[in-house]
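Here the structure is laid out as structure tokens; the discussion comes afterwards.
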Number of protein chains: 2
Amino acid sequence: MMKEFLKTKGFKITPQRELIFRSFFEMDKHVSVDELYDKVREKDRSIGYSTVWRNLKLICRVGLAQKVNMGDGITRYDRLTKVPHGHLFCLNCKRVVEFNVDQVVGILANTAVENKFSTRGFKVEVQGYCQLCQSESEKHADDEEIH
Amino acid sequence: MMKEFLKTKGFKITPQRELIFRSFFEMDKHVSVDELYDKVREKDRSIGYSTVWRNLKLICRVGLAQKVNMGDGITRYDRLTKVPHGHLFCLNCKRVVEFNVDQVVGILANTAVENKFSTRGFKVEVQGYCQLCQSESEKHADDEEIH
DNA sequence: ATTGAAATTGATAATCGTTTTCATTTAGAG
DNA sequence: CTCTAAATGAAAACGATTATCAATTTCAAT
Ligand SMILES: [Mn+2]
Ligand SMILES: [Mn+2]
Ligand SMILES: [Zn+2]
Ligand SMILES: [Zn+2]
């Protein structure tokens, strides 16, 4: 499991690291450093922010998660899923719904090949307002990252 | 043209504003504040950074451009195109190739409807390495925002 | 043309998320 | 147990973005 996996990769096991890893995988997807930090601190008030940050980076480095950036200034970390997926991102409440992108990725892969691009990943996002936030949609006519 | 357009929207015309707007539309797509600032300063060394930044925001507010965020920490501004487009983003040289996303957007629009989402925009990106940078692709196995 | 309110500017400072630094502690191989 | 490299935590540095504010400028109304 986790410990062995890290050891084989040459990383040491520390109580902090264990707690951070465990907490990350217990949480919802799309976790920010701050969110994880808060969660971790519920269990151990002595863990530093840098340690959380560094271990989140490590989780990415060993291929268990990926950064995602929805366009609000906050970097979130998404557990790696076997099949790629897209995000419906609510511009108001920031909630995220994931959806299957098999068909879309097929098209994109072709496009990449046509452009002699060596593909490393896809980002497929729909930005808008979830059902609950629909009424608020007039605000923010501008400024959002819609593309 | 530009002046009339801004006036009807209730904004004032200033020499700085004119220069900034003009420069933006003369430049390549996907311009950062800094890049635009440099360009503007070639013509007028007295214009402040804040003015460039605010006017770039204004360009977005009046619907002539949109923020884009490729995953390196820099916000860029993309001229609004009549038809939406996707981006092939080279993780090495940061170059961007645009491509048509009609088909993809069709699919995504359906997905959004199925999820009762009120759509405001799409983001379709393929990250990888352009033909020129293909050899360097081993570096950066982690850390990038691939999703 | 003059006036005056409101918008704009430019310098600067504040903010915010991220990343680095560094002295100290700890893990784990030998 | 010992030693070295890795990891930690506090703090500072960093870089991009955004806010503040006094001075200037635009432009609609006289
Ligand atoms: Mn996700
Ligand atoms: Mn573009
Ligand atoms: Zn919502
Ligand atoms: Zn390239």
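Residue numbers start from 1 in every chain, and the chains themselves are labelled A, B, ... in the order their sequence lines are given, proteins ahead of strands.
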Which part of the nucleic acid does Asp44(B) contact within heavy-atom distance under 4.0 Å: base, sugar-phosphate only, or nothing? nothing
Pair Thr81(A), Arg79(A): side-chain N/O donor-acceptor within cut-off below 3.5 Å: no
Could you tell me the separation between the CZ atom of Phe11(B) and the P atom of dA28(D), rounded to a whole number of Å? 15 Å
Nearest-0.5 Å distance, CH2 of residue Trp53(A) to OG1 of residue Thr75(A): 10.5 Å
Please report the distance, rounded to the nearest Å, between CG in Leu56(B) and P in dT8(C). 16 Å
On DNA chain C, check which nucleotide each of Trp53(A) and Tyr37(B) is closest to and give me the residue with the more 5' one. Tyr37(B)
From the candidates dT18(D), dG28(C), dT8(C), the one with an atom nearest any side-chain atom of Thr14(B) is dT8(C)
Can you tell me how far C1' of dT19(C) sits from CZ of Arg61(A), to the nearest Å? 13 Å
Candidate pair His87(A) and Glu125(A), rule side-chain hydrogen bond (donor to acceptor under 3.5 Å, both in side chains), full reasoning: CA-CA 5 Å; His87(A) 294 136; Glu125(A) 255 175 58; 4.6 Å; no
Counting only side-chain nitrogens and oxygens, does Arg54(A) get under 4.0 Å of the OP1 or OP2 atom of dT19(C)? no
Choosing from dG9(D), dG28(C), dT17(D), which nucleotide comes nearest the side chain of Tyr49(B)? dT17(D)
According to a strict under-4.0 Å criterion, is Asn55(A) in side-chain N/O contact with OP1 or OP2 of dT8(D)? yes
Gap between atoms CD1 and P, on Ile13(B) and dA28(D) respectively (whole Å): 10 Å
Are any of Ser50(A)'s side-chain N or O atoms less than 4.0 Å away from OP1 or OP2 of dT8(D)? no
Spacing between Asn69(B) atom CG and dA16(D) atom C1', to the nearest angstrom: 11 Å
Between the side chains of Asp34(A) and Ser32(A), is a donor N or O closer than 3.5 angstrom to an acceptor N or O? no
Remember a base hit wins even if backbone is also touched, and classify Thr51(B) as base, sugar-phosphate or nothing at under 4.0 Å, heavy atoms. base
So which of Glu35(B), Arg76(B), Glu98(B) actually passes side-chain hydrogen bond (donor to acceptor under 3.5 Å, both in side chains) with His30(B)? Glu98(B)
Is there, by distance only and without an angle test, a donor paired with an acceptor across the side chain of Lys12(A) and the base of dA27(C) below 3.5 Å? yes
Would you kindly give the NZ-to-P distance between Lys57(B) and dT8(C), to the nearest whole Å? 13 Å
Let me spell it out: for each of Thr75(B) and Gly10(A), pick the nucleotide of DNA chain D with the closest heavy atom. Which residue's pick is nearer the 5' end? Gly10(A)
Between atom CG in Leu6(A) and atom P in dA7(D), what is the gap in whole Å? 9 Å
Does Gln16(B) have a side-chain nitrogen or oxygen under 4.0 Å from the phosphate oxygens OP1 or OP2 of dT8(C)? no
For DNA chain D, whose closest nucleotide is more 5', that of Lys7(B) or that of Arg76(B)? Arg76(B)
Atom CZ of Arg45(B) and atom C1' of dG10(C): how far apart are they, to the nearest Å? 14 Å
Taking only side-chain N and O atoms of Arg17(A), does any of them lie within less than 4.0 angstrom of OP1 or OP2 on dA6(D)? no
To the nearest 0.5 angstrom, please state how far the OH atom of Tyr49(A) sits from the CG atom of Leu36(A). 9.5 Å
For Ser32(A), answer base if it contacts any base atom (sugar-phosphate contacts may also be present), sugar-phosphate if it contacts only those atoms, and nothing otherwise; contact means non-hydrogen atoms under 4.0 Å. nothing
